[in-house]
Amino acid sequence: MAGVRQTGDSLALSTLRRIHAVLERRFPEQRLFLRSDTETRFIRLTSETQIVALAGSAALVGWSIIATALLLMDSLGAGSLRDQAQREQASYEQRLNDMAAERDNRAEEARQAQMRFTLALEEVSKMQSELLASEDRRKELETGIDVIQSTLRRTMNERDGALEKSEEMKLALAESTGSTKTEAGHVEDMEQTVTFLADALNLTATERDLIATDAAQAYEMVAAMDYEHQLAQDRNDRIFEQLEDALTISVEPLDDMFRNAGLNTDTLIDQVRKGYSGQGGGPLTPIALSTRGETPSDPESLRANAILKDLDKLNLYRMAVEKTPFAMPVKTSFRYTSGYGMRRHPISGKYKMHDGIDMAGAHGSPILATADGVVKKAGWSSGYGRLVIIQHEFGIETRYAHLANIRVEVGQRVSRGHRIGDMGNSGRSTGTHLHYEVRVGGKSVNPMTYIKAARDVF
């Protein structure tokens with residue numbers, strides 16, 4: 001065993017010597033001299049020392065190159081991400097500005113359409129009054145013509161009776177005998193009678209001619225009134241068509257908006273009508289009524305009443321829009337930082353349901369009520385921080401959380417667009433933003449459903 005160990009040691013030594021000889025040829029021994037005023041020293045740099053120094057220098061240089069490359073890559077990546085974020089922010093702000101301009105245009109169009117409806121309704125009322133007045137005049141003329149014709153017939157009958165009576169008197173005088181008057185007296189009586197009858201006949205003829213002239217003028221007037229009535233009818237048809245088209249353009253988008261928000265339009269209209277059920281004289285009543293108080297069945301009245309019904313529906317929709325949270329709670333610049341649904345909680349890190357949407361903006365930005373309602377809560381509420389809850393119609397409730405300041409009180413009635421607070425960072429929050437919720441029947445729904453539904457209308 002000892003011989004085998006010695007043989008192995010000698011092989012290892014010979015291998016090391018050969019390696020050392022190779023290194024000596026590649027890296028001969030160097031001496032580094034250090035000279036001072038009194039003495040000179042040197043440091044031996046063997047082949048192994050030189051190799052270790054070169055390896056260390058190479059490792060240091062390689063590490064420096066890799067670290068520099070990593071820093072450059074991080075810097076370039078951060079710069080590109082920052083530029084991309086700036087571009088996306090600019091694009092998002094441009095889209096918000098375009099949406100705001102489009103919303104303002106739609107609001108202006110709706111206002112102008114409402115003005116056109118009002119003017120058209122006034123025009124319809126004026127035309128209806130003119131039609132009723134012309135109808136009364138036509139009836140009066142027809143009554144006058146009937147009276148004239150009756151008088152003419154009566155006069156002609158009286159004339160014929162007078163002629164017959166004259167003939168009878170002539171025969172009676174011719175056949176009469178035993179009269180106390182002389183023949184001259186009879187002739188004189190007959191001449192007086194004939195003169196009276198002739199005067200009566202002339203007077204009757206004159207009256208007949210006057211009545212015939214009046215009748216002709218009355219017929220001409222009736223024809224002119226019929227022509228005017230036809231012209232008014234044509235104008236009414238054009239006005240009705242314009243009103244029907246305008247109502248179709250205005251009502252259908254509102255129908256679509258409420259349906260897209262998941263609301264039943266029939267139930268919605270019934271609830272608004274019940275809330276505004278006071279009655280009295282007003283413009284939105286049937287155009288005309290029969291003598292028995294029933295709505296007439298002529299096409300014009302039915303058409304006008306249908307337009308009035310649609311105008312009433314449009315007005316009810318307008319009131320329903322004011323009471324439904326279709327508006328934006330933030331009108332200043334902001335960005336969406338979290339949507340509705342399951343998400344990883346930014347503080348606890350656990351997956352939880354997010355019952356609203358988050359809008360991040362400048363601290364103190366105005367927070368606005370999205371619909372008419374009554375303030376149900378205005379104060380501090382655990383994780384919500386400063387919280388405002390507004391109860392609206394139709395079982396809808398909106399919540400505005402993490403406010404910096406609250407500007408309303410419990411029980412206060414607010415209108416859409418009323419400033420209820422300022423954007424802040426109260427409660428469990430990682431930064432300044434608004435947490436906005438919409439609840440229907442106590443259950444949360446996605447607020448974006450209402451915002452998107454109203455985007456194409458307002």
Side-chain angles (χ1 to χ4, degrees), residues 99-100 102-111 113-114 117 247 249-278 310-331 336 339-340 355-357 359 366-378 387-401 408 411-421 434-458:
M99 289 169 58
E102 183 67 19
R103 179 201 62 204
D104 295 339
N105 292 335
R106 292 300 178 90
E108 180 64 21
E109 290 176 0
R111 188 183 65 80
Q114 185 68 27
F117 293 154
L247 283 171
I249 294 173
S250 300
V251 173
E252 286 185 356
L254 293 174
D255 281 333
D256 295 338
M257 180 181 71
F258 283 109
R259 290 193 180 95
N260 292 335
L263 299 174
N264 186 298
T265 55
D266 295 333
T267 304
L268 196 72
I269 290 296
D270 291 339
Q271 291 181 357
V272 175
R273 185 177 285 111
K274 290 178 182 178
Y276 295 85
S277 58
D310 287 340
L311 285 173
D312 183 50
K313 183 178 181 181
L314 182 64
N315 189 45
L316 291 173
Y317 268 147
R318 179 185 62 79
M319 290 186 287
V321 168
E322 295 292 332
K323 300 176 181 299
T324 310
F326 287 115
M328 288 289 293
V330 180
K331 294 294 182 66
Y336 293 104
Y340 177 85
D355 291 328
I357 59 174
M359 305 177 185
I367 304 301
L368 312 177
T370 56
D372 297 352
V374 178
V375 177
K376 182 178 177 181
K377 180 179 178 61
L387 172 68
V388 173
I389 301 178
I390 300 178
Q391 183 66 50
H392 308 283
E393 298 289 342
F394 321 123
I396 301 176
E397 176 185 287
T398 54
R399 298 188 176 190
Y400 312 80
V408 291
Q412 180 178 345
R413 183 172 293 277
V414 296
S415 302
R416 184 175 66 173
H418 185 94
R419 185 170 183 177
I420 60 174
L434 168 69
H435 174 81
Y436 175 58
E437 291 185 17
V438 176
R439 294 176 176 263
V440 179
K443 296 182 180 180
S444 66
V445 297
N446 191 349
M448 292 303 296
T449 302
Y450 291 85
I451 294 174
K452 291 179 179 178
R455 183 173 297 168
D456 297 331
V457 178
F458 302 107

> Taking atom OH of Y336 and atom CD1 of I451, what is their separation to the nearest 0.5 Å?
Replying inline: 4.5 Å
> If you draw a 6.0 Å radius around CZ in R419, do more than 12 non-hydrogen atoms from other residues or ligands fall strictly inside?
Replying inline: yes
> Got a second to check how far R416's CZ is from D372's CG, nearest 0.5 Å?
Replying inline: 7.5 Å
> Are L368 and M328 close enough that some pair of their side-chain heavy atoms sits under 4.5 Å apart?
Replying inline: no
>> Rounded to the nearest 0.5 Å, what separates atom NE2 in H418 from atom CZ in R413?
In response: 12.5 Å
>> List the residues meeting side chain to side chain contact (heavy atoms under 4.5 Å, CB included) with V440, not counting sequence neighbours, and say none if there are none.
In response: I396, V445, Y450
> If every non-hydrogen atom of A369 is compared with every non-hydrogen atom of I420, which pair is closest and at what distance?
Replying inline: CB-CG2, 4.1 Å
> Residues in side chain to side chain contact (heavy atoms under 4.5 Å, CB included) with E109, at least two apart?
Replying inline: R106
>> Once ring-ring contact (aromatic ring centres under 6.0 Å, His included) is applied, do any residues pair with H392, and if so which ones, sequence neighbours excluded?
In response: none
>> Which residues pass the side chain to side chain contact (heavy atoms under 4.5 Å, CB included) test with V330, not counting sequence neighbours?
In response: T332, F334, M359, I367, M423, L434
> Does some side-chain heavy atom of V408 sit less than 4.5 Å from a side-chain heavy atom of I390?
Replying inline: no
>> So, taking the atom named CG in N446 and the one named NZ in K452, what distance separates them when rounded to the nearest 0.5 Å?
In response: 7.0 Å
> Looking at residues at least two apart in the chain, or sitting in another chain, which of them share a side chain to side chain donor-acceptor pair (under 3.5 Å) with D355?
Replying inline: S444
> Shortest non-hydrogen contact from T398 to P325?
Replying inline: CG2-CB, 3.8 Å
>> Just to verify, what does E393 make a side chain to side chain contact (heavy atoms under 4.5 Å, CB included) with, not counting sequence neighbours?
In response: K323
